[in-house]
Each structure stands twice: as C-alpha cells, then as structure tokens.
Amino acid sequence: MEFEYRYHGSTAVDSSARATSMSFSPDTRREPTYFVGELGKCLEFREAISALHDVVVSDLRFKPKDKTEYKEWLAKQEQVNWQQVALQRSRNAADIKRMQEELDGLYRTSSTRMQGFYNAKRRYFDYLYQKDRDAWFVLDPVITVHPDEVFFECFSQDESTYGRLGARYEVFKQVKEFACGTTNIDYSAALYDEFQKIRRYKTTMFTVDPSGFGVQTTAEDDFKELKIDLPDSWVRGFLQVSSAMTLPTISFDLHPMDVHNLCFVLRRHKEKVGPRSLRYILRPGRPVKVVFEPWNREVVFPRSIFRGDKEHEVRVWGRRRILILERLIQLANKFTVHLLGTGLPSFYIADLGDMNFTLGLSGWTANDWSTAGNFDLMAPRAAVDEFTKRRVFEGLKKRWFYKPDALARELELDTSAVYGALAAYTQAGRAMYDLDKQVYRVRELSRDPLPMDKLRFANDREAEAQALVHQNHATVRQALPSGEGGLVLRGRVRDGSHNYEPELALDRDERLASASCTCNFYQQNKLYKGPCQHILALRIQHRRAQGGVV
C-alpha cells in the first residue's frame, strides 16, 4: 500500500548548553496539524519517548546465525583435509603440497584485492545506519494533537508490539499554539540521541512545525517528497489494535516494584525450552501471583491485590517484550494490566502522572497484530445506516474524544448504534480507542480513505463466511437472551459435504464474548487465531435475519 508524504524540510534539533529545540516536520499534504510548547517535565518526557523508541526498534523475530565465516573456514579446512589424505600417499605428497601452497597464495591475493571493497561496503552501511536510519526503519510514528493531549503511536519492526505515549498539556510549561489533527512526521532515529540530552536545567521547546503548512512550493529543494510502499500488515495492525482494545478484559493494577521484580526474573533467567509463558494467577482479594514457565518459578506481588470478583488463570507469551517498561518503573505511579485471555493480546498501561504509556503485545511474538487475532472480526458489528454513522463521527469530531454513552446522550441516539458506528470508523482507521481514559478519539490514519476492499478480507475465513451466507448455508437454530442483555446463538453451517454446529455468545455491546464450533480449525486453535468461518457465518446470518447490513 503506497503512501505519499511531503515534508517541508527535515526534523531539526538545535541543542546548546542552555536550551534544546526540537522541531518535527509534518506532512504538508494533510490538514494543518501543529503544536508549539515548552516542556516542563523534561526527564519524565525523555524517558517516556525513549521507551517509545524501544518499541520502534524492537525486533524479536528469530534470526538464524550468520554462518558465512564458518562456511569459508570449512571450505579451506576441506582442502587441508584432502591434503592430509593425499600426504599419506607418498608419490603425490610433493605435488599436493606445491598445489596447496599455490592455492593459498591465490586466496591471499584475492583477499588483498577485495579488501578495499569490503571496507568501503562496511563503512557505507555504518554511515547509512547512523545518518539515514530511515532507510532501515521506514515505519515512522504517527502523532496526533488533541485538545487535552498530544500522543504518539508506533509499531515494532516485527509488528508484534504496539506503543502509545500520551502527554497531557500539563507536561508543558506553556502551550503557545496548536491545531488538532493527525499527521505523519519526519521522525528520524537520530533523534533518540538528542532526546538523551534533555535536562531539567535546559529549556526544551517541542514543536510540530506549523511553518510546514501554507507554503507555496517554487523551490523543490525546500521539500522532501517520499513515496513509501508500506506493507498492508502495518495499516491493518493499527486497525486491529484499536479493535482489540475495545474487547472485554481482565484488569488489575501492579505496583512499580512488582513490575521491577517481574523484569528482574526475566533478566536473570534465559529459557532454552518451552513453554516460554507467564501464568497470571488471580484470586479475589489476594496478591497477584505470576508463574514463570518452564521453570514453574512463582513470584507473588504483595503490593498488588486483585480486586476482581472471579478467579482467573491466564497465560501469555512473548514475555520478554515487557522489558520495554523497565525504564518507566522509576517514574510510574502504577501499571494497569489488561488481559484478553490465554494466548490473546495483553496491554500494560504505565501511569506517569500527566503522561501515560500503553504497551500492547500480541498473543505471541511471532504472531503480529495484522494476523494474530483478527480482532476487528470480534468487534461490534451493529447495523448502522450511513447517515447515522456520519452524524456520530461529526459529533465525535466536535470535541475530538468522547465516551460512547455520553456521545449517545448528546446525539439522542441508541447506545448500540453509537458503538456500531464507532466500531466501523475504528476499523476504517478514522478513530481509535484510548484504553487509558476509556474514550474514543478521532485519529485519521491517512490523508486519503483507506482501501477497505483490500483490508476488509485480510482474513480468508471472513471471506469464506460471507460466501457461506450468500449461498444460504448458514442457519440460526436458537437465539436465546443471556444475562446482562447478551445473546447466545446456536446453529448449523453447511460447508462442502460437512455440517458444523457453531455456538457463540455476544455481550450487550454485541461483542464476541465466547464461541465454539465442531470444525477442525476451532478444535486446533480455539479463538487464539480468531473465530472460524462457521462462527462468523452464524453471526452474519443472525444480523441478516434481523434486517441489518453487515
């Protein structure tokens, strides 16, 4: 998916003994979005933005060892071995030795002649890594300015880790001017070194440069034009993470020292075999307990009491990504953990006072946000007409952020319609869910509408579900109300020559709370990789029978 960016100049940092000025260049093709303020809480911001950088550069995918040198040694050793075999034959010993010496000479000559090329190649990549790291990391953060805060969002290189840093205006001594909106910024990784120079005794100006807008282009050198072909998975990841945040979670608070102990155990132990999971054991009124597998080492967090009313045991994988939170421990008042369930994503929110840092982890490190759970398929799918959806979005944009219930009261609409409209805009990349404040926010991911025809069926199972419904192969046998306004659906879906019996439970917001099916996909994966096509077909068929459009 190709995105076009146009920057007026490049991000600049002016640092002296008394002051530091950071000016980010926004995308001039988008609506004017700018911000100018003087940092008040310098050290807190420095550590938080550095943690966000740790997310950007994080890549925990398996990297096979580089065996190039070993193979070169093995090739030479093979010649030596053959020489030793030949030396045992006295009649060929002299010839083999002479030829081996000649071959060694050729190797040395070749290495000498190529040494300049190898050195130049290494210097070039070292220079590129230091001076133009955008060539290595093209997935820049997205910055959004709202009336109450400025926040950054980003993904790791392996797209399994999501980071969001929100800074309320209390972080700044003074805010001179701002315009609300979302923009892509020219954010080079060299800024990380400049962030480390922020000090309390220095004045630090933070600017999303407003001068980048309204400039008539006559000198092309003043602008930097970029056309970046971003993978669909990057765009889909942003859509998936917001949908995952809207799902019901098991939530509890952790004391900063308990997070320190968690990270301390991960640092001291290195697993060599599976399972590599954390097992959270949560009992009402009792301290949170974590079991580190495969050693079954138990750590009790006496400062963190679980306040829920039910007992839970949840396993999560990809635990080493939690180490990103280490540098925030000294600044945090608390960490709030949101668990979706065993093998499902988890969210860790660091309360930094006037700032908050959200770390979102997919179910497994090797399972990125774009393919892990297909959480947009679990999100509310209430049928909402286009007029109502536009009305909801226009109402949301008046204040830029709203709680759904408050927005429903103000617009005098049914709450389910508002949830459905907000879910549709979330899945279209025009809104996002703030898990920390429990509000929906306007955040338009791109200047142009996203090609939803390409993103809609990223999951083959949903396309298959739509086909099953259109072929009238899905039948709803029972639709029974459950407690607290929910609904339980049971039915039969004919797929090829087989009949399957899916069952699913929806909560009052029409979110998928639980589901099961007799098909092989569900038996192997449960809901870890999202619902199967038969569960989806049953849900779509029920909505269709109610007269809704899915």
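As a basis for the values below, the full set of heavy atoms in this structure was taken, side chains included, without hydrogen atoms, waters or symmetry mates.
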(message) What's the separation between atom CG in L165 and atom CD in E149, rounded to the nearest 0.5 Å?
(response) 9.0 Å

(message) Tell me if a side-chain donor or acceptor on R321 pairs with a main-chain N or O of S160 at a distance below 3.5 Å.
(response) yes

(message) Within the structure provided, determine whether C42 and K202 are in side-chain contact (heavy-atom separation under 4.5 Å).
(response) no

(message) Checking Y169 now: which residues fulfil ring pair (Phe, Tyr, Trp, His ring centres under 6.0 Å) with it, not counting sequence neighbours?
(response) F35, F178

(message) Using the rule given for side chain to side chain contact (heavy atoms under 4.5 Å, CB included), can you reason through W317 versus T342, listing the C-alpha separation, both sets of side-chain angles and the distance that settles it, and then say yes or no?
(response) CA-CA 9 Å; W317 282 262; T342 296; 4.0 Å; yes

(request) For side chain to side chain contact (heavy atoms under 4.5 Å, CB included), just list the numbers for L536 and E464, CA-CA rounded to whole Å, side-chain angles, deciding distance to a tenth of an Å, and then say yes or no. (result) CA-CA 9 Å; L536 293 172; E464 293 172 9; over 6 Å; no

(message) Tell me every residue that passes side chain to side chain donor-acceptor pair (under 3.5 Å) with R279, counting only those two or more places apart in sequence or in another chain.
(response) E293, E313

(message) Salt bridge or not between R168 and D354? Use side-chain N to carboxylate O under 4.0 Å.
(response) yes

(request) Just jot down the ring pair (Phe, Tyr, Trp, His ring centres under 6.0 Å) partners of F335, sequence neighbours excluded, or say none. (result) none

(request) Can you measure from CD1 (I329) to SG (C263) and round to the nearest 0.5 angstrom? (result) 4.5 Å

(message) Just to verify, what does Y433 make a ring pair (Phe, Tyr, Trp, His ring centres under 6.0 Å) with, not counting sequence neighbours?
(response) Y440

(message) Between Q523 (side chain only) and C517 (backbone N and O only), is there a donor and an acceptor less than 3.5 Å apart?
(response) yes

(message) Would you say the rings of F151 and H146 are close, in the sense that their centroids are separated by under 6.0 Å?
(response) yes

(request) Could you list the residues that satisfy side chain to side chain donor-acceptor pair (under 3.5 Å) with R303, not counting sequence neighbours? (result) D258

(request) Would you mind reporting whether I322 and L262 have side-chain heavy atoms less than 4.5 Å apart? (result) yes

(message) Just so I know, are the side chains of I49 and L52 near enough to count as touching, which here means a heavy-atom distance under 4.5 Å?
(response) yes

(request) Take H542 and L487 through the side chain to side chain contact (heavy atoms under 4.5 Å, CB included) test and state the conclusion after the steps. (result) CA-CA 11 Å; H542 172 71; L487 185 70; 3.3 Å; yes

(message) Is there a side-chain contact between L339 and S346 in this structure, where contact means two heavy atoms from C-beta onward sitting under 4.5 Å apart?
(response) yes

(message) Nearest 0.5 angstrom please: C519 SG to Y500 OH, how far?
(response) 6.5 Å

(request) Output the distance between atom CG (L331) and atom CZ (R46), rounded to the nearest 0.5 Å. (result) 9.0 Å

(request) Sequence neighbours left out, what passes side chain to side chain donor-acceptor pair (under 3.5 Å) with R443? Give chain and number order. (result) E153

(request) Assess the side chains of R164 and N356: does a donor N or O sit below 3.5 Å from an acceptor N or O? (result) yes

(request) Run the salt-bridge test on E503 and R490 with the 4.0 Å N-O cut-off and return the result as yes or no. (result) yes

(request) Would you mind reporting whether E271 and R320 have side-chain heavy atoms less than 4.5 Å apart? (result) yes

(message) Using the ring pair (Phe, Tyr, Trp, His ring centres under 6.0 Å) criterion, which residues pair with H269? Sequence neighbours excluded.
(response) W295

(message) List the residues meeting side-chain contact (heavy atoms from CB on, under 4.5 Å) with N525, not counting sequence neighbours, and say none if there are none.
(response) F521, K529

(request) Going by the ring pair (Phe, Tyr, Trp, His ring centres under 6.0 Å) test, name the single residue among F347, F155, Y348, F357 that passes it with Y162. (result) F155

(request) Search all heavy atoms of A515 against all heavy atoms of I535 and return the closest pair with its distance. (result) CB-CD1, 3.6 Å

(message) So which atom in L340 and which in L247 form the shortest heavy-atom distance, rounded to 0.1 Å?
(response) CD2-CD1, 3.7 Å

(message) If I compare all heavy atoms of R461 with all of C532, which pair ends up nearest, and what's the gap?
(response) CD-CA, 3.9 Å

(request) Would you check if T336 and D351 make a side-chain contact, meaning some heavy-atom pair closer than 4.5 Å? (result) no

(request) With the side chain counted from C-beta on, respond yes when L468 and H534 share a heavy-atom pair under 4.5 Å apart, and no when they do not. (result) yes

(request) Could you check if a side-chain atom of T204 sits within less than 4.5 angstrom of a side-chain atom of F206, using non-hydrogen atoms only? (result) no

(message) Give me the atom names and distance for the closest heavy-atom approach of L344 to L527.
(response) CD2-O, 3.8 Å

(request) With sequence neighbours left out, write down each residue that passes salt bridge (Lys or Arg N to Asp or Glu O under 4.0 Å) with K526, or none if nothing qualifies. (result) none

(request) State, to 0.1 Å, how close T161 and L359 come at their nearest heavy-atom pair, and which atoms those are. (result) CG2-CD1, 3.4 Å

(request) Measure from NZ or CZ of R441 to the centre of the six-membered ring of F401 and say whether it is under 6.0 Å with the direction within 45° of the ring axis. (result) yes

(message) What's the separation between atom CG in N261 and atom NE2 in H255, rounded to the nearest 0.5 Å?
(response) 10.5 Å

(message) Going by the rule salt bridge (Lys or Arg N to Asp or Glu O under 4.0 Å), which residues pair with R200 if we only count those two or more places apart in sequence or in a different chain?
(response) E44

(message) The criterion is side chain to side chain donor-acceptor pair (under 3.5 Å); which residues satisfy it with K437, sequence neighbours excluded?
(response) D148

(message) Quick check: closest heavy atoms across L361 and G318, and the distance to 0.1 Å?
(response) CD1-O, 4.5 Å

(request) Hey, can you tell me if F152 and F45 have their rings parallel, tilted or perpendicular (30° and 60° cut-offs)? (result) tilted

(message) What's the separation between atom NE2 in H312 and atom CZ in R283, rounded to the nearest 0.5 Å?
(response) 12.0 Å

(request) Could you tell me whether a side-chain N or O of R199 sits under 3.5 Å from a main-chain N or O of Q196, the two making a donor and an acceptor? (result) yes

(request) For R307, check salt bridge (Lys or Arg N to Asp or Glu O under 4.0 Å) against everything at least two apart and list the hits. (result) none

(message) Run R286 and E311 through salt bridge (Lys or Arg N to Asp or Glu O under 4.0 Å) and show every step you take.
(response) CA-CA 10 Å; R286 303 283 298 276; E311 185 174 322; over 6 Å; no

(message) The test is side chain to side chain contact (heavy atoms under 4.5 Å, CB included); show your working for T426 and M245 and say whether it passes.
(response) CA-CA 11 Å; T426 299; M245 286 181 177; over 6 Å; no

